[in-house]
K.L.:
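Pasting a structure below so you can have a look.
Counting begins at 1 with the first residue of the sequence.
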Amino acid sequence: MSENPNWRTSSYTSQDSCVEIADNKPQTVLVRDTKNRNYGVVAVASEAWKAFMQGIKHRPSV
């Protein structure tokens with residue numbers, strides 16, 4: 001049985017101006033646009049998502 005995605009947005013953004021992620025599946029993080037939820041979903045391997053997040057967390061502010 002497949003678990004439904006648990007979509008959420010960052011606490012740093014408003015509900016309608018960012019992306020949503022669903023990371024409740026162990027191997028995959030799903031990403032979609034909050035303004036166009038029906039346009040599709042990008043699936044990213046969990047390890048790649050973790051590396052991406054670490055990279056942007058340690059990026060100097062512009």
Side-chain angles (χ1 to χ4, degrees):
M1 181 161 70
S2 176
E3 188 176 343
N4 290 331
N6 183 20
W7 294 105
R8 63 183 175 84
T9 57
S10 168
S11 59
Y12 294 100
T13 63
S14 64
Q15 285 289 89
D16 63 348
S17 64
C18 198
V19 295
E20 293 176 316
I21 68 161
D23 58 359
N24 56 311
K25 295 188 179 194
Q27 301 299 317
T28 307
V29 175
L30 304 176
V31 183
R32 70 180 180 185
D33 187 334
T34 57
K35 290 185 179 181
N36 298 301
R37 290 181 175 111
N38 295 326
Y39 279 13
V41 173
V42 175
V44 181
S46 294
E47 290 302 315
W49 184 258
K50 288 177 192 174
F52 169 72
M53 293 303 295
Q54 286 299 314
I56 62 173
K57 285 180 183 177
H58 299 294
R59 182 175 167 259
S61 298
V62 185

K.L.:
Under a 3.5 Å distance rule, please check whether Ser46 uses its side chain to pair with a backbone N or O of Thr28 as donor and acceptor.
P.N.:
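Here the side-chain-to-backbone pair exists.
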
K.L.:
Quick one: hydrophobic cluster around Leu30, which other residues, with the 4.5 Å side-chain cut-off, linked directly or via members?
P.N.:
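Via sub-4.5 Å side-chain contacts, Leu30 links to Trp7, Val41.
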
K.L.:
Using modelled atom types and a 3.5 Å cut-off, is there a donor and acceptor pairing between side-chain atoms of Lys25 and backbone atoms of Pro5?
P.N.:
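Not a single qualifying donor-acceptor pair exists.
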
K.L.:
Do the side chain of Thr34 and the main chain of Val19 share a donor and acceptor less than 3.5 angstrom apart?
P.N.:
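Checked: no pair found.
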
K.L.:
Suppose we screen for ring pair (Phe, Tyr, Trp, His ring centres under 6.0 Å). Which residues come up paired with Trp49, at least two apart in sequence or across chains?
P.N.:
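Once residues adjacent in sequence are excluded, the partners of Trp49 under the ring pair (Phe, Tyr, Trp, His ring centres under 6.0 Å) criterion are Phe52.
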
K.L.:
Donor-acceptor check, side chain of Asn6 to backbone of Asn24, threshold 3.5 angstrom: yes or no?
P.N.:
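Not confirmed, Asn6 side chain does not pair with Asn24 backbone.
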
K.L.:
Run the side chain to side chain contact (heavy atoms under 4.5 Å, CB included) check on Arg32 and Val42 step by step: do they pass?
P.N.:
CA-CA 6 Å; Arg32 70 180 180 185; Val42 175; over 6 Å; no

K.L.:
Applying side chain to side chain contact (heavy atoms under 4.5 Å, CB included), run through Arg37 and Glu20 and close with a yes or a no.
P.N.:
CA-CA 9 Å; Arg37 290 181 175 111; Glu20 293 176 316; 2.9 Å; yes

K.L.:
More than 12 non-hydrogen atoms from neighbouring residues, nucleotides or ligands closer than 6.0 Å to CG on Asn36, yes or no?
P.N.:
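Atom CG in Asn36 is packed in, count exceeds 12.
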
K.L.:
Look at atom CD of Gln54 and say whether more than 12 heavy atoms of other residues, nucleotides or ligands are closer to it than 6.0 Å.
P.N.:
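Buried by this count: over 12 neighbours within 6.0 Å.
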
K.L.:
Is there a side chain to side chain contact (heavy atoms under 4.5 Å, CB included) between Val29 and Lys50? Walk through the geometry before answering.
P.N.:
CA-CA 10 Å; Val29 175; Lys50 288 177 192 174; over 6 Å; no

